[in-house]
Asks: 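What follows is a single structure, and I will ask about it in a moment.
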Amino acid sequence: MKTFVKRRRLHDARAAEGYVRATMRTVHVDGIRRDSTWRRLIPKVAPRETVEHAPEVDDHDEITRALAQLPPRVRTAVALRYYDDLTVADIAHAMRLNDGTVKKYLQEGRERLAPLLGVSAEERERLPVVERSER
């Protein structure tokens, strides 16, 4: 394809064959050069430092096991709140419940998860301060 993209002035089949062979050789040599350049540059661009992810995986496994011990509705409310970052009103709408019921499920989830995860159940949930828009 590369050889005949542009119309060339080749007078006979022998000239065309020579041109194709020269193009194939050039493309092959360019590929070898490109590969050797990348092999030389890759160690500089991407250092071989490995990052240890085992503690993160252990934490994830611990949280997954703790969540599995919650009742289904409490687990759903907690997952929507802390994984999907939904508001209480959004969770209530998604689960077709009242806001108060969702708050009760979230409180129950915090109380049950606290001893399993080694955190304080009394610690209040921190919500970001958002300025109210004027109506």
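The shown structure was predicted, so the numbers you read here are calculated from the model rather than taken from an experiment. Hydrogens, waters and symmetry mates play no part in the numbers below; they use all other heavy atoms, side chains included.
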Asks: Do Val78 and Tyr83 belong together in a cluster built from hydrophobic side chains that touch within less than 4.5 Å?
Replies: yes
Asks: Check whether any side-chain heavy atom of Thr76 lies under 4.5 Å from a side-chain heavy atom of Leu70, and answer yes or no.
Replies: no
Asks: Run the side-chain contact (heavy atoms from CB on, under 4.5 Å) test against Glu17 and tell me which residues pass, sequence neighbours left out.
Replies: Arg21
Asks: Please list every donor-acceptor pair under 3.5 Å in which a side-chain atom of residues 87-100 meets a protein atom from a residue at least two apart or in another chain.
Replies:
from: Thr87; atom 1: OG1; to: Asp90; atom 2: N; distance (Å): 3.1
from: Thr87; atom 1: OG1; to: Asp90; atom 2: OD2; distance (Å): 3.1

Asks: With sequence neighbours left out, what residues match Ser36 under side-chain contact (heavy atoms from CB on, under 4.5 Å)?
Replies: Arg39
Asks: Ignoring hydrogens and angles, state whether a donor on the side chain of Tyr82 or Arg110 is under 3.5 Å from an acceptor on the partner side chain.
Replies: yes
Asks: Working to the nearest 0.5 angstrom, can you tell me the gap between Arg73 CZ and Glu108 CD?
Replies: 12.0 Å
Asks: For Asp12, which residues count as a side-chain contact (heavy atoms from CB on, under 4.5 Å) partner, sequence neighbours excluded?
Replies: Arg14, Ala15
Asks: Where is the tightest heavy-atom contact between Leu116 and Glu62, given as atom of each residue plus distance?
Replies: O-OE2, 3.6 Å
Asks: In chain order, what residues pass the salt bridge (charged side-chain N to carboxylate O under 4.0 Å, His left out) check against Asp30, with sequence neighbours excluded?
Replies: Arg33
Asks: Between Ala77 and Leu106, which heavy-atom pair has the shortest distance, and what is it?
Replies: O-CD2, 3.5 Å
Asks: When rounded to the nearest 0.5 angstrom, what distance separates OG1 in Thr37 from CD1 in Ile32?
Replies: 11.5 Å
Asks: Mind checking what makes salt bridge (charged side-chain N to carboxylate O under 4.0 Å, His left out) contact with Arg75, not counting sequence neighbours?
Replies: none
